[in-house]
> 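Please see the structure below; I have some questions.
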Amino acid sequence: MHYCKNRHSLARLLAVLLAFWLGVSVACAEGISVRKTEVRFSDGSYQLSADFDVSLSFVVDQALTLGVPLYFITEFTLIRPRWYWLDEVIEKNEQTAKLSYNKLTRQYRIKRGSLYQNFSSLGDALRIISHQSAAPIDASLLTKKVDYIAAIRMRLDVTQLPKPLQVNALANQDWNFDSNWYRWIVRPIASTVDRESE
C-alpha cells in the first residue's frame with residue numbers, strides 16, 4: 001500500500017514537472033527571432049533577405065482569431081562603416097505586412113500594399129511572413145572587397161492595434177514581439193553571400 005502511494009506521488013510530481021517544462025518550452029518559443037540571413041547578387045543588384053521564426057502567444061493568437069489585425073514591420077539597413085566620419089547609409093528599407101483573420105471564410109489574409117494572399121491555416125500564413133526580402137540595391141552603390149554591415153529587424157507594431165488594446169499591449173509581455181536588430185558583415189562579390197544565425 002505504501003509502495004502504491006509513493007508511485008502515485010511520484011507520478012503526480014512527474015506530471016507537474018512535465019507540464020511546467022512544456023509551459024516553459026512554449027513560452028520560450030513565442031516571439032520573433034532571426035533564423036537565417038542572406039545577400040544575393042543577381043542582374044547587377046544585391047538583395048538582402050532573412051528568414052525568421054515567428055510564433056504567436058496565446059493572447060495574440062486569440063486576438064487575431066477574434067478579428068484584430070496584426071501589423072508586422074520589417075526593417076532593413078545597409079551601411080558602410082567609416083572610421084574617419086559618420087557611417088554611410090547605403091540603403092534603408094521598411095516593409096509592413098498586415099495579418100488578419102476572416103471568421104466567415106475561416107481564412108487568414110496577408111496584405112502588403114495593394115497585394116494580398118489568403119491562407120487556410122495560421123501556420124501557412126506565418127511561413128510567408130517569416131520570409132522577408134528588401135528592395136534590390138544597385139551594385140554600383142557598393143564597392144567590391146569593402147566590408148559593409150547589414151542589419152535586419154522584425155517587430156509587431158502595437159501602435160496600429162485598436163485604441164482599447166494599445167494601452168494593454170504596451171504594458172503586457174504577451175504583445176512584445178521584436179526580433180531586435182540582427183547584424184552581419186557583407187563583402188560584395190559577384191556571388192551569393194550567405195550566413196545562418198547561430
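When a residue number appears, it is its place in the shown sequence, counting from 1.
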> Output all residues satisfying side-chain contact (heavy atoms from CB on, under 4.5 Å) with Ser42, sequence neighbours left out; order by chain, then residue number.
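Counting only residues at least two positions away or on another chain, Ser42 forms no side-chain contact (heavy atoms from CB on, under 4.5 Å).
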> Excluding sequence neighbours, so at least two apart, what forms side-chain contact (heavy atoms from CB on, under 4.5 Å) with Ala150?
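Leu48, Leu78, Trp184, Val186.
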> Nearest 0.5 Å please: distance from the CD1 atom of Ile152 over to the CD atom of Gln132.
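Between atom CD1 of Ile152 and atom CD of Gln132 there are 7.0 Å.
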> Is it true that, when you exclude Arg106 itself, more than 12 heavy atoms of the residues, nucleotides or ligands shown sit nearer than 6.0 Å to its CZ?
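Check fails, neighbour count at 12 or below.
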> Looking at residues at least two apart in the chain, or sitting in another chain, which of them share a side-chain hydrogen bond (donor to acceptor under 3.5 Å, both in side chains) with Gln160?
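side-chain hydrogen bond (donor to acceptor under 3.5 Å, both in side chains) check on Gln160 returns Asp157.
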> If you compare all heavy atoms of Leu126 against all heavy atoms of Leu99, which two are closest, and at what distance to 0.1 Å?
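Heavy atoms of Leu126 and Leu99 come nearest at CD2-CD2, 4.1 Å.
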> When you look at Leu156 and Leu161, which way does the side chain to side chain contact (heavy atoms under 4.5 Å, CB included) test go after all the steps?
CA-CA 10 Å; Leu156 176 63; Leu161 293 172; 5.9 Å; no
> Provide the full list of salt bridge (charged side-chain N to carboxylate O under 4.0 Å, His left out) pairs with a residue in residues 48-60, sequence neighbours left out, each pair given once.
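Every salt bridge (charged side-chain N to carboxylate O under 4.0 Å, His left out) pair that includes a residue of residues 48-60, provided the two are not neighbours, is Arg35-Asp53.
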> Could you measure the distance from the CZ atom of Phe177 to the CG atom of Leu56? Nearest 0.5 Å is fine.
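Rounded to the nearest 0.5 Å, the CZ-CG separation comes to 5.5 Å.
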> Would the distance check show the side chain of Ser179 and the main-chain N or O of Ile32 forming a donor-acceptor pair, the cut-off being under 3.5 Å?
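No: the side chain of Ser179 does not pair with the backbone of Ile32.
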> How long is the gap from OG1 on Thr96 to CD on Glu75, to the nearest 0.5 Å?
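It is 9.0 Å, given to the nearest 0.5 Å.
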> Would you please name every residue forming a side-chain hydrogen bond (donor to acceptor under 3.5 Å, both in side chains) with Ser114, sequence neighbours left out?
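Testing Ser114 for side-chain hydrogen bond (donor to acceptor under 3.5 Å, both in side chains), a comparison that skips the adjacent residues, returns none.
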> Under 3.5 Å, side-chain donor or acceptor atoms of residues 58-74 against the rest of the protein: list the pairs with distances, not counting sequence neighbours.
unit_1 : atom_1 : unit_2 : atom_2 : d
Asp61  : OD1    : Thr65  : OG1    : 3.4
Thr65  : OG1    : Asp61  : O      : 2.9

> Do you know the tightest heavy-atom contact between Met154 and Ile129?
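Looking at all heavy atoms of both residues, the closest pair is CE-O, 3.3 Å.
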> Suppose we screen for side-chain contact (heavy atoms from CB on, under 4.5 Å). Which residues come up paired with Ile149, at least two apart in sequence or across chains?
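Scan of Ile149 (side-chain contact (heavy atoms from CB on, under 4.5 Å), adjacent residues dropped) gives Ile79, Pro81, Arg183, Ile185.
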> I'd like to check the salt bridge (charged side-chain N to carboxylate O under 4.0 Å, His left out) partners of Asp178; sequence neighbours left out, ordered by chain and number.
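Applying salt bridge (charged side-chain N to carboxylate O under 4.0 Å, His left out) to Asp178 gives Arg153.
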> With rounding to the nearest 0.5 Å, note down the distance linking CG in Leu142 to OH in Tyr46.
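Taking CG in Leu142 and OH in Tyr46, the distance rounds to 6.5 Å.
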> Tell me, please, which residues at least two apart from Gln95 pass side-chain hydrogen bond (donor to acceptor under 3.5 Å, both in side chains).
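For Gln95, the residues satisfying side-chain hydrogen bond (donor to acceptor under 3.5 Å, both in side chains) (neighbours in sequence not counted) are Asn93.
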> Kindly say whether Ser45 contributes a backbone atom to a donor-acceptor pair with the side chain of Asp138 at under 3.5 angstrom?
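It does not hold such a pair.
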> To the nearest 0.5 Å, tell me how far Phe119 CZ sits from Ile110 CD1.
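So the CZ of Phe119 and the CD1 of Ile110 are separated by 4.0 Å.
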> List for me each residue that meets side-chain contact (heavy atoms from CB on, under 4.5 Å) alongside Ser49, sequence neighbours excluded, and say none if there are none.
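Only Glu38, His131, Ser133 meet the side-chain contact (heavy atoms from CB on, under 4.5 Å) criterion with Ser49.
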> Rounded to the nearest 0.5 Å, how far does OG of Ser120 lie from CD of Gln107?
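So the gap between those two atoms works out to 7.0 Å.
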> Any salt bridge (charged side-chain N to carboxylate O under 4.0 Å, His left out) involving residues 109-125? Give me the pairs, sequence neighbours left out, ordered by first then second residue.
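Listed by first then second residue: Asp124-Arg127.
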> Is there a side-chain contact between Tyr116 and Lys98, using heavy atoms and a 4.5 Å cut-off?
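No, every pair of side-chain atoms sits at 4.5 Å or beyond.
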> Return each pair, listed once, that meets ring-ring contact (aromatic ring centres under 6.0 Å, His included) where at least one residue sits in residues 78-107; pairs must be two or more places apart or across chains.
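Checked against ring-ring contact (aromatic ring centres under 6.0 Å, His included) - neighbours excluded - the pairs reaching residues 78-107 are Tyr101-Tyr108.
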> Is there a donor-acceptor pair under 3.5 Å between the side chain of Gln47 and the backbone N or O of Ala134?
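Looks like yes, one N/O pair under 3.5 Å.
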